[in-house]
Protein chains: 2
Amino acid sequence: MSNPSSDPAAWQVRESALSPGGAGSRESLFALANGYVGVRGTLDEAQPSDSRGTFMSGVYEYHPLSYPEGGYGHPEHGQAVIGVADGSTVHLQVDGVPLDVRDTPPERHDRVLDLRAGALRRETEWVTPRGARMRVRSTRLVSLVRRPVTALHYEVEAVDRPVQVVIRSGLVVNGTPPKVRNPDPRVAEVLAKPFHPRVHRCHDTGGVLVHRTAESRVGVAAAVDHDVERPAGGAVSTQCDEDQVVTTVVADVRPGESVRFVKYLCHSSAVDDPADDLRDQALAALDGARGRGWDGLLAEQRELLDEYWADADVEVDSDPELQLALRFDLFQLLQAGACVDNAPVGAKGLTGAGYSGHTFWDVEGFVVPALSLLRPRDAARMLRWRASTLDRARERAKVLDLAGASFPWRTIDGHESSAYWPASTAAMHVNADVSRAFSWWAAVTGEVLTAVGGVDVLVETARVWAAMVHEDHEGGVHLLGMTGPDEYTGVVDDNVFTNLMARRNLRAAADACEEHPEHVGRLSVTAHEIDRWRSLADAVHVPYDAVLGVHPANEGFTTYREWDFEAKRDGYPVEEHFHYAKIYRRQVVKQADLVQALWWCAESFTPEQTARDLEYYERRTVRDSSLSAAVQAVVCARVGHLELAYDYLREAALVDLRDIQGDTEEGLHLASVAGAWLAVVCGFGGVSPDGEELVLAPRLPARLHRLAFRLRWRGHRIGVEATRSGTVVRLLGTTDGEVPVRVDGQRGTVTATRPVTVPLSTPRPPTPEPTQPPGRGPRAS
Amino acid sequence: MSNPSSDPAAWQVRESALSPGGAGSRESLFALANGYVGVRGTLDEAQPSDSRGTFMSGVYEYHPLSYPEGGYGHPEHGQAVIGVADGSTVHLQVDGVPLDVRDTPPERHDRVLDLRAGALRRETEWVTPRGARMRVRSTRLVSLVRRPVTALHYEVEAVDRPVQVVIRSGLVVNGTPPKVRNPDPRVAEVLAKPFHPRVHRCHDTGGVLVHRTAESRVGVAAAVDHDVERPAGGAVSTQCDEDQVVTTVVADVRPGESVRFVKYLCHSSAVDDPADDLRDQALAALDGARGRGWDGLLAEQRELLDEYWADADVEVDSDPELQLALRFDLFQLLQAGACVDNAPVGAKGLTGAGYSGHTFWDVEGFVVPALSLLRPRDAARMLRWRASTLDRARERAKVLDLAGASFPWRTIDGHESSAYWPASTAAMHVNADVSRAFSWWAAVTGEVLTAVGGVDVLVETARVWAAMVHEDHEGGVHLLGMTGPDEYTGVVDDNVFTNLMARRNLRAAADACEEHPEHVGRLSVTAHEIDRWRSLADAVHVPYDAVLGVHPANEGFTTYREWDFEAKRDGYPVEEHFHYAKIYRRQVVKQADLVQALWWCAESFTPEQTARDLEYYERRTVRDSSLSAAVQAVVCARVGHLELAYDYLREAALVDLRDIQGDTEEGLHLASVAGAWLAVVCGFGGVSPDGEELVLAPRLPARLHRLAFRLRWRGHRIGVEATRSGTVVRLLGTTDGEVPVRVDGQRGTVTATRPVTVPLSTPRPPTPEPTQPPGRGPRAS
């Protein structure tokens, strides 16, 4: 495999000037996280800011949900991620004047998110109103190795004049309430100051705070300390109260001198643990981090990232923007999963408070499948968290008068907290999506399902489907009143995606029970129940419009009135311009739905059906959701519309770097981030985890000379490199053993010494390249 | 026609003891109203009370509607009826002890709502703790003749000892906030004190208050005065402040002596009128009422009621409970409509604040049709109010991206204010229901549609349907994503009731345009548009289940999973025990839906289909709504299941007197009240307004010896009397002219001197008597 790009720009997301707007999206793009704790990429001096803060996975508070017209089973409590003790702020004053880029634009500003270092570096040169030139350098790091640890190296240098420097380095709780969209004033009230003080203590250079929430009873400890180097005569002191620890450095600095410190921060959280235990955990982590020292932390971080890139890097020669975007996406997957444990991954990871920090089906739909192929142990921890909520899903199924377990549409603690059921409770496909993630993980890792609690999940979700089906006079099995992934078509009958996913879920549960007979008794599964799952799966009705020769997304979809895309060119996003009562029965598609079935349930469609269905839905899909482009990329690539697939890949990969959805300020679009990588691997790479062999079908769009990607497959590290002259599949590292592969249908075996090489295939697609609604083509081409 | 019952008990709703609970339902049952102002039937001394107050039609305030997850076109403002200046309270103290039946139960308590007098009389005998026997007599009246006028005759007599009597007679604003179910604290805050003071003034025996709301800008004036007769030495005085006028009478009363007064109250309201104008209107009405005097007011009331009963009375020999209930219902129709003008009739009339005082489709569905046959001018005023909201309905149609006008599910001011769209915006049948009321009124009165703005309403609602239809590959016309009257089945395709009502609406609009060519230009209706309405109407798809031989309530309904009624016996009302996501696709029916189509769209069903469909839905209808029993009664009667029909008639008629729904405390069920009368007239009477003749088909259940009812038909007063020996149809009063009738298909002509007599028909129903889910048979049999 050729040597990875050595151009540093291909590994750096850079900001070389501060534009007036866009503070929010910059805070998301430069956020650092490790899946346990995350810090928004706000400037050290805190302003200008859109919504700054530090978040921890699984740290949230409940709030009331008020329905003007409620109903049985509508969740009574919302959940919202809340900012924990935030230590990202360092206020700098020089001769009494604060560093504030809004007042005095810096002479030079450079921020770099270094994807190989795993750190955010900043350099600012700034001339005070009195004319003193100052140089500020900071490097921020959230350890991917030590989950509690955040660290900051901060240095301020007087370039040309003697100055007095005052630095206030804070750790603040309840300081930055989230933006609250819920108009019920009780919600803002609860979230304004969610933490109640338990412990506060400080010494010269730092201190510790422990707080707890009132309703969710989550306790959080945060400890801070500073190693300060300062000119002679300077002073360091720390004050604290219930909600803050502030360390102050005062120094007279001569030209060429600096004030320099490392700020170590450690967070620890748990439900119901005594405050002292939390405090001790944070302090122990702090001792560990200080023991390692700044350079040690940097080195650890680099080492982990070197390993990651060796296993995970994607190379797309001849498209530097996409190259950087895909590495940014891979870095974000690592940031989302590296240290997550026993907590959900939110739709935004820990990069922002969007969607209130909730996790959705798209984490299992995209993030877990990607990580299963990249860092399977991270994926396993995510799945174990989901499995750990099974009892809450069982409760929800009871509320819905169903058997089995029904997973929530959106949640932090495992309880459903969606307030609009037609797009949540009716979207029962979430259960099959969750199940698919367990099956996918087991298939690509070769590990047993039981290692992640998968048998229980498959059985209980199969039971939900079995409890929901309707049988018609001829024995056909239907799922009625469902909402598929397309949120512009709701409460419909026989959504094809849902039906096919239910079929897979039922069969996967039956298979799992037969493979793990030791669990059958504990879960009270009978042979009769397994038979019923199989026969229901066989009888699932899949509507087909024989007149048009396409699959309707659901029964009747193709007879819905067409949407007048031309006349409604200004009506995007559609849901903000038209009523659900209208769009639910129009041929306007928010996001891949039937098209997602063409990928996820590919076994149910012939290649010709796939091509025709894709063309039909391309004309009607407006992509108001960030979940869509990656899916469209995969299916376009598989049908052979490689240029279109490439455009969709770019849209998915650049969703945040170009702020394509216009809401990156709320946090990164983690599913699109994962989807972009899947578009490379499952779309252009043709990877399918459907058997014992690693299935590949590499394709290259005209604009790419070379595409290389790496993945883990059943314990092996695999490298795939496609060029015009052919595809080479290699076993990476020193692994022994052999990996059976099937490339474009050709079987082969890869060993450490013998790659498999096959010619590049470029099949002619059976249909012309599809078109999209006016103005709704790929948005990053 | 035989002489109406002379048994006074057949005209009196009596309460002869005060039970501890039930204050709320008594307040509803004894409420007095005239369609303009209504007073809850609270005891004069105000306690015990559930929710007292005085309401006026069209007097409401806006409040925020907060959606945790909102959407485009969801109403941002709620509306709620608010209590106006309440003058119903008279606090009595005897020797310093208040009359409070909770502390000292009265020796005798008797309250009578006299349906012929139109007054609420009360007599209480009460012994004070010191042993003084007091006799209190009061009579309360809300004038059915003079819309602003409420009056109270109050008398307190010392029976056996000299006592000091102190009476405080109040007029209070902002004193009794409504029960607020909306958990958003802003709603309770807005509604706690909705009125802002404008004017307050008083003199010795009374005063006047004018207030206005902040957002809806509704002004209300209330004037009060007292004519007091008291023993020598007594004193009368009045104090007032911004929110109250209190008149105090203090007197030493010897045995056999009384303090006696008449309290005159007049209300006036208008949007944006100057306070002085409102005050003057209230004061002028007060002068008028005092000029007429108490006896004069009583006499006017009696005269109006004598006329009403002569035109409207129903007689059911051999069932005194039903007899009284039907008269109570007829009285409530009068109370709802007598003086209503330029304002909606709420689902509870003015008898309570249930449903926030909103009007719904059932007012046009039941109340207007009944009043069209009883007091057609009241019905006309209701229809004119609806027509006056056409511009707001046009706005709503625009919001929904539809042509024409779309009437709201619930409203006071004409704007949609429902916060749950699957049961409101999706229930587009409301447009056809409103249209039907206009057509019905024109058909039974023989008046031109234009007198009530009907052409505009029919045209604009037809346009909504034309804008919504979907055409399938074969040209069939569908309405998708609708919710019919059955609120347990939502967001479905081709709801038969909705489709057939849309068909009627389209045809009625086409007919109206052809009959009123002078309006076609103003409304920009073209011949092409009319043709399109007719061809759409012809092509409307009506699903039919050929396997079962019944109409599915909507496409696929008969393949939905059956409801396990036996296992779920304790799960009523169903919506409070099961999630919509489940019940929307189960064969459990809240209320007549397909069965309502069997009545309202009878032309679309053969008698055999009607019987089979009725039987099918009877087995699946749980009647969790008060809108159902009357409809079931009509269809059962028409099919020939007379005993079952009679049981449903009793349930509908007694809905409040027996508190069958358990929520009479929130106000009376006006649609059921009207429905009961329609069950008599359209069910057992077989009346249909479908042509030039008055169509009748009288039937008598075994339990009735004689059924007589009266109605207005095209300007004539008609009496119908059915006994075992036959049916006699008479022209009542001194009307000239002749009325063509068709009784059981036999044509005849009724004149003042020549009734039509036909034998009683008792056809054998084509199906056995249907059964209901366990425990869900008629509830007043």
Side-chain angles (χ1 to χ4, degrees), chain A residues 64-74 78 181-187 399-402 418-426 428 468-473 476 478 480-482 490-493 545 547-548 555-556 558-561 568 571 574-582 584-585, chain B residues 64-74 78 181-187 399-402 418-426 428 468-473 476 478 480-481 490-493 545 547-548 555-556 558-561 568 571 574-582 584-586:
Chain A
L65 280 181
S66 65
Y67 306 87
E69 297 181 36
Y72 169 86
H74 294 195
R181 291 205 173 148
N182 192 316
D184 183 338
R186 296 174 300 170
V187 181
V399 165
L400 300 177
D401 198 39
L402 296 169
S418 174
Y420 177 64
W421 75 263
S424 58
T425 301
M428 296 296 294
M468 275 193 299
V469 295
H470 302 252
E471 289 174 76
D472 63 28
H473 303 318
H478 302 266
L480 306 181
M482 299 284 127
V491 196
V492 292
D493 297 338
D545 184 329
V547 174
L548 299 180
E555 191 71 57
T558 48
T559 65
Y560 293 178
R561 286 267 285 272
K568 298 185 196 313
V574 170
E575 65 198 317
E576 290 178 17
H577 294 77
F578 300 95
H579 199 285
Y580 291 132
K582 174 157 198 158
Y584 274 14
R585 293 294 180 277
Chain B
L65 280 181
S66 65
Y67 306 87
E69 298 182 37
Y72 169 86
H74 294 194
R181 291 201 174 153
N182 191 316
D184 183 338
R186 297 174 300 171
V187 181
V399 166
L400 300 177
D401 198 40
L402 296 169
S418 175
Y420 178 63
W421 75 262
S424 58
T425 300
M428 295 297 294
M468 274 192 301
V469 294
H470 300 252
E471 289 175 74
D472 63 28
H473 303 319
H478 303 265
L480 306 181
V491 197
V492 292
D493 298 338
D545 184 329
V547 174
L548 299 179
E555 192 70 57
T558 48
T559 65
Y560 293 177
R561 287 267 284 270
K568 297 183 195 315
V574 170
E575 64 197 318
E576 291 177 18
H577 295 76
F578 301 95
H579 198 284
Y580 289 133
K582 174 156 198 161
Y584 274 14
R585 295 294 181 276
R586 286 296 186 282

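In this text the structure is predicted, and so the values were computed from the model without any measurement. Residue numbers begin at 1 in each chain, while the letters A, B, ... track the order of the sequences.
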**Request:** Could you verify whether a donor N or O on one side chain and an acceptor N or O on the other, from B:D545 and B:T558, lie under 3.5 Å apart?
**Result:** yes
**Request:** Specify which of A:V492, A:V469, A:V399 makes the most heavy-atom pairs with chain B at under 4.5 Å.
**Result:** A:V469
**Complete:** Max heavy-atom pairs within cutoff under 4.5 Å with chain B, candidates A:K568, A:H577, A:E576, goes to A:H577
**Prompt:** Counting only N and O atoms by type, is there a donor-acceptor contact under 3.5 Å from the side chain of A:R561 to the main-chain atoms of A:R585?
**Reply:** no
**Item:** Polar contact flag, side-chain donor to acceptor under 3.5 angstrom, A:D184-B:S66
**Value:** no
**Request:** Could you check whether the rings of B:W421 and A:H579 sit parallel, tilted or perpendicular, using 30° and 60° as the cut-offs?
**Result:** perpendicular
**Prompt:** With chain A, which of B:Y560, B:Y420, B:Y584, B:F578 has the greatest number of heavy-atom pairs at distances under 4.5 Å?
**Reply:** B:F578
**Request:** Specify which of A:V491, A:N182, A:V187 makes the most heavy-atom pairs with chain B at under 4.5 Å.
**Result:** A:V491
**Request:** Using side-chain hydrogen bond (donor to acceptor under 3.5 Å, both in side chains) as the criterion, list what pairs up with B:H470, not counting sequence neighbours.
**Result:** A:R586
**Message:** Checking B:H478 against B:D472: is there a side-chain donor and acceptor pair closer than 3.5 Å?
**Reply:** yes
**Most chain A-contacting option - heavy-atom pairs closer than 4.5 Å, from B:E555, B:R186, B:E575** = B:R186
**Request:** For chain A, find which of B:L402, B:D401, B:L65 contributes the most heavy-atom pairs closer than 4.5 angstrom.
**Result:** B:D401
**Message:** Taking every non-hydrogen pair under 4.5 Å, which of A:M428, A:M482, A:M468, A:E471 racks up the most with chain B?
**Reply:** A:M468
**Fill in**
Interface check, chain B: of A:G481, A:G73, A:P183, A:P64, most non-hydrogen pairs under 4.5 Å belong to A:P183
**Message:** Please identify, among A:G70, A:P185, A:A426, A:G71, the residue contributing the most non-hydrogen atom pairs under 4.5 Å to chain B.
**Reply:** A:P185
